[in-house]
Amino acid sequence: MRKSTVLGLLCIGLMHCALAQERKLPIDTTVTTQHNVTINGTAINYTATVGTQPVWDEMGKPIASLHYTYYTRNNVKDRASRPLLISFNGGPGSGSVWMHLAYTGPRVLKIDDEGYPVQPYGVKQNPYSVLDVTDIVYVNPANTGYSRTIPETGKEVDRDKFFGINADIKYLAEWLNTFVTRNNRWRSPKYIVGESYGGTRVMGLSLALQNQQWMYLNGVIMVSPADYKIIRTGGPVSDGIRLPYFTAAAWHHKALPPALQNKDLLEILPESEEYAVNTVVPALAKGGFISDAERETVAEKMAYYSGLSKKEILDLNLVVPTRYFWKNLLKDKGGYTIGRLDSRYLGIDKELSGTSPDYNAEITSWLHSFTPAINYYLQEELKFKTDIKYNMFGPVRPWNNEKDNTRDDLRQAMAQNPYLNVLVQSGYYDGATTYFNAKYTMWQVDPSGRMKDRFDFKGYRSGHMMYLRREDLQNANDDIRDFIKRTMANGKSAKY
């Protein structure tokens with residue numbers, strides 16, 4: 001434990017004195033505890049290190065301190081050959097709590113098998129964690145979790161160094177260099193995983209780590225990735241490729257015609273995908289100059305695949321906003337709204353009519369269980385005592401989205417590094433970063449198609465956080481585990 005930790009934690013533990021009164025964490029500290037978990041029937045002892053590590057400016061002055069949790073399996077004879085998985089969530093502005101306490105870590109939330117909160121809140125062992133095959137570090141970017149800029153607020157904070165696509169990538173790459181050096185992990189095979197906005201983050205980090213830090217990766221894992229070249233652009237492609245998600249969500253709520261509803265989800269999605277790419281996108285490209293006959297035909301088929309009415313789709317000029325879909329899919333079938341990030345969840349609005357739900361049904365449900373669990377877990381089980389608030393969503397906006405070259409960054413990193421492979425994971429019922437958007441992103445990274453055998457896509461019968469559903473928690477972890485095992489170099493040279 002570093003000296004600053006001893007002073008700070010003694011102060012908090014004994015009398016809540018100066019450190020607690022100032023409500024600040026030491027900027028460079030670690031707390032270490034010992035634990036065990038049973039994964040796939042095997043008992044595993046491991047070390048958990050919760051800490052803070054500085055971000056430095058060009059003069060070596062700390063300008064932020066990032067909070068992290070690092071898990072290492074004990075009794076590993078050859079740490080150099082053991083992989084390291086570096087995990088980020090998204091937002092931007094979201095803490096690492098989501099994947100940490102619900103997906104890959106050794107502890108998961110106490111929730112039911114479909115992901116809904118139960119009381120008393122807390123955590124339990126994760127029998128599917130990937131800690132059996134890889135060590136894991138969960139990183140909280142600036143102002144998320146317990147991470148903070150220095151100072152926390154005020155004109156002295158240079159926001160341009162943290163809060164934008166390229167700034168975020170640059171300082172995190174530098175921070176990871178320090179982390180890997182301090183923990184003697186330069187020889188280890190390395191993987192980075194990012195959820196939602198974290199997908200954009202890890203695409204950019206793949207090249208920044210490689211070209212700015214000379215740190216080469218074996219794998220990039222994108223979980224429900226947010227690709228803003230699709231989401232914020234609009235137009236025929238962005239609008240047209242929503243249809244397969246509509247099909248999936250409508251199927252889940254039994255809102256499709258019998259010819260589709262009576263089939264399995266995975267039987268009907270390829271139909272909807274083919275229609276979206278080959279018919280809907282070209283039709284939308286014609287705009288107001290599409291013929292009346294074609295407009296009628298496309299609207300009828302879109303209604304067939306979406307659960308909405310033909311009239312609604314015609315009234316919307318064939319462009320169905322996702323918010324309209326969430327609000328109106330079940331308007332005449334119980335009057336519920338459906339969730340944005342996970343459309344299995346239901347909400348109740350003040351009024352039935354409208355074009356957008358009053359709130360996101362799924363996020364309110366998730367915050368029920370995640371917030372008490374992470375606060376309990378870090379302080380009581382991992383013994384990281386502090387009065388600092390854990391930011392589930394931190395103050396990072398405005399966020400600079402300019403010069404987003406992350407898609408091409410990933411392509412260039414893969415071209416330069418024959419070891420580098422990509423796994424994309426998405427839930428079929430995610431209405432924010434849809435599974436078909438994720439497929440489209442994957443297709444667009446490498447226009448040449450010469451590296452497509454190094455991409456894998458896995459879909460799950462749940463939403464944005466597909467791991468909340470117990471069956472998908474097992475399947476998705478198994479997919480990461482298999483991906484890591486398959487992409488280990490195992491003595492093979494890095495060459496074409």
Side-chain angles (χ1 to χ4, degrees), residues 39-40 42 44 70-73 75-88 104 128-137 169 173 176-177 179-181 183-194 198-199 201-223 225 406-425 438-439 441-458 475-496:
I39 300 173
N40 290 329
T42 299
I44 291 172
Y70 177 41
Y71 297 105
T72 54
R73 183 173 179 173
N75 303 315
V76 172
K77 294 180 180 178
D78 183 12
R79 189 71 63 183
S81 63
R82 181 166 168 81
L84 173 65
L85 178 64
I86 302 161
S87 182
F88 295 97
T104 51
Y128 311 118
S129 169
V130 293
L131 187 59
D132 58 333
V133 297
T134 180
D135 296 333
I136 314 168
V137 58
I169 289 165
L176 286 171
N177 184 307
F179 179 86
V180 167
T181 299
N183 291 279
N184 303 314
R185 300 308 299 261
W186 275 101
R187 292 186 295 167
S188 300
K190 299 172 191 67
Y191 295 80
I192 54 176
V193 55
R201 176 178 283 139
V202 297
M203 284 195 290
L205 275 172
S206 66
L207 188 65
L209 287 171
Q210 193 166 293
N211 285 7
Q212 297 169 20
Q213 308 300 328
W214 310 285
M215 185 185 298
Y216 285 70
L217 303 172
N218 284 60
V220 170
I221 303 166
M222 294 190 287
V223 178
T406 53
R407 237 192 238 170
D408 197 58
D409 289 346
L410 178 57
R411 183 208 60 79
Q412 186 174 338
M414 293 180 70
Q416 293 175 356
N417 178 9
Y419 279 158
L420 184 54
N421 290 265
V422 177
L423 171 64
V424 179
Q425 299 181 301
K439 279 190 175 182
T441 295
M442 183 176 69
W443 297 340
Q444 298 304 310
V445 169
D446 174 31
S448 75
R450 297 176 65 187
M451 296 187 288
K452 63 184 179 183
D453 61 338
R454 290 156 63 188
F455 288 87
D456 279 313
F457 175 87
K458 299 292 184 181
N475 292 337
N477 272 296
D478 283 345
D479 288 334
I480 291 181
R481 184 178 289 104
D482 292 343
F483 176 72
I484 289 174
K485 289 179 178 179
R486 181 171 52 79
T487 55
M488 293 276 283
N490 296 321
K492 181 181 177 183
S493 299
K495 64 180 181 180
Y496 289 112

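This is a predicted model, so every value here is computed, not measured. One is the number of the first residue; the rest follow in order along the sequence.
Within the model, atoms OG of S206 and CG of L217 stand 7.0 Å from one another, a figure rounded to the nearest 0.5 Å. Taken to the nearest 0.5 Å, the CD atom of Q425 stands 6.0 Å off from the CG atom of D479. Atom CG of D408 is separated from atom CG of L207 by 8.5 Å, given to the nearest 0.5 angstrom. Interatomic distance, CD of Q416 versus CZ of R411, reported as 8.5 Å (0.5 Å rounding). Remark: L85 CG to Y71 OH distance equals 12.5 Å, nearest 0.5 Å. Between atom CG of residue N40 and atom OG of residue S129 there is a gap of 9.5 Å, rounded to the nearest 0.5 Å.
The pair K485-D482 does not meet the salt-bridge criterion, since no charged nitrogen lies less than 4.0 angstrom from a carboxylate oxygen. K452 has no carboxylate O lying under 4.0 Å from a charged side-chain N of D446, or vice versa, which leaves the two without a salt bridge.
Scanning for side chain to side chain donor-acceptor pair (under 3.5 Å) contacts around T487 gives Y191, with sequence neighbours left out. Applying the side chain to side chain donor-acceptor pair (under 3.5 Å) rule to W186 yields the partners T181; only residues at least two apart in sequence or on another chain are considered. In this structure, the salt bridge (Lys or Arg N to Asp or Glu O under 4.0 Å) partners of R481, at least two apart in sequence or on a different chain, are D132, D478. Listed by chain and number, the residues in a side-chain contact (heavy atoms from CB on, under 4.5 Å) with A208 are I169, A173, Q212 (sequence neighbours excluded). Residues forming a side-chain contact (heavy atoms from CB on, under 4.5 Å) with F457 (at least two apart in sequence, or on another chain): V424, S426, Y435, A438, K439, M442.
Closest approach of F483 to V220, counting heavy atoms only: CZ-O, 4.2 Å. The minimum heavy-atom distance between V445 and P447, with the atom names listed, is O-CD, 3.3 Å. In this structure, Y419 and N421 approach most closely via the heavy-atom pair O-ND2, 2.8 Å.
Between I221 and I192 there is no side-chain heavy-atom pair separated by less than 4.5 Å. Side chains of V137 and F179 form a contact here, defined as non-hydrogen atoms less than 4.5 Å apart. You'll find the side chain of N477 reaches within 4.5 Å of the side chain of T104, heavy atoms only. With a 4.5 Å cut-off on side-chain heavy atoms, V202 and V193 do not count as touching. At least one side-chain heavy atom of I136 sits under 4.5 Å from a side-chain heavy atom of V130. Proximity of N218 to K190: side-chain heavy atoms (C-beta onward) are nowhere separated by under 4.5 Å. Taking the side chain as every heavy atom from C-beta outward, V422 and D456 never approach each other to under 4.5 Å. Residues R73 and D135 have side chains in contact (heavy-atom distance under 4.5 Å, counting atoms from C-beta outward).
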Query raised in the report: Step by step, would you call V180 with N177 a side chain to side chain contact (heavy atoms under 4.5 Å, CB included)?
Result: CA-CA 5 Å; V180 167; N177 184 307; over 6 Å; no
Query raised in the report: Passes side chain to side chain contact (heavy atoms under 4.5 Å, CB included), Q412 versus Q210? Steps please.
Result: CA-CA 10 Å; Q412 186 174 338; Q210 193 166 293; over 6 Å; no
Query raised in the report: Stepwise, does the side-chain hydrogen bond (donor to acceptor under 3.5 Å, both in side chains) test hold for T406 with D409?
Result: CA-CA 5 Å; T406 53; D409 289 346; 5.8 Å; no
Query raised in the report: Between Y128 and N475, is a side chain to side chain contact (heavy atoms under 4.5 Å, CB included) present by the stated rule, with each step listed?
Result: CA-CA 9 Å; Y128 311 118; N475 292 337; over 6 Å; no
Query - L176 and L209: CA distance, side-chain angles, deciding distance, side chain to side chain contact (heavy atoms under 4.5 Å, CB included) verdict - result: CA-CA 8 Å; L176 286 171; L209 287 171; 4.1 Å; yes
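Judged by distance alone, the side chain of T134 and the main-chain N or O of L131 form no donor-acceptor pair under 3.5 Å. Between the side chain of R185 and the backbone N or O of R82 there is at least one donor-acceptor pair closer than 3.5 Å. At least one donor-acceptor pair under 3.5 Å links the side chain of S188 to the backbone N or O of R79.
Counting non-hydrogen atoms of other residues, nucleotides and ligands closer than 6.0 Å to CZ of R187 gives a total of 12 or fewer.
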Let me have the donor-acceptor pairs involving side chains of residues 488-496, under 3.5 Å, with sequence neighbours excluded, atom names and distances please.
{"unit_1": "N490", "atom_1": "ND2", "unit_2": "M488", "atom_2": "O", "d": "3.4"}
{"unit_1": "Y496", "atom_1": "OH", "unit_2": "M414", "atom_2": "O", "d": "3.2"}
{"unit_1": "Y496", "atom_1": "OH", "unit_2": "A415", "atom_2": "O", "d": "2.7"}
{"unit_1": "Y496", "atom_1": "OH", "unit_2": "R454", "atom_2": "NH1", "d": "3.4"}

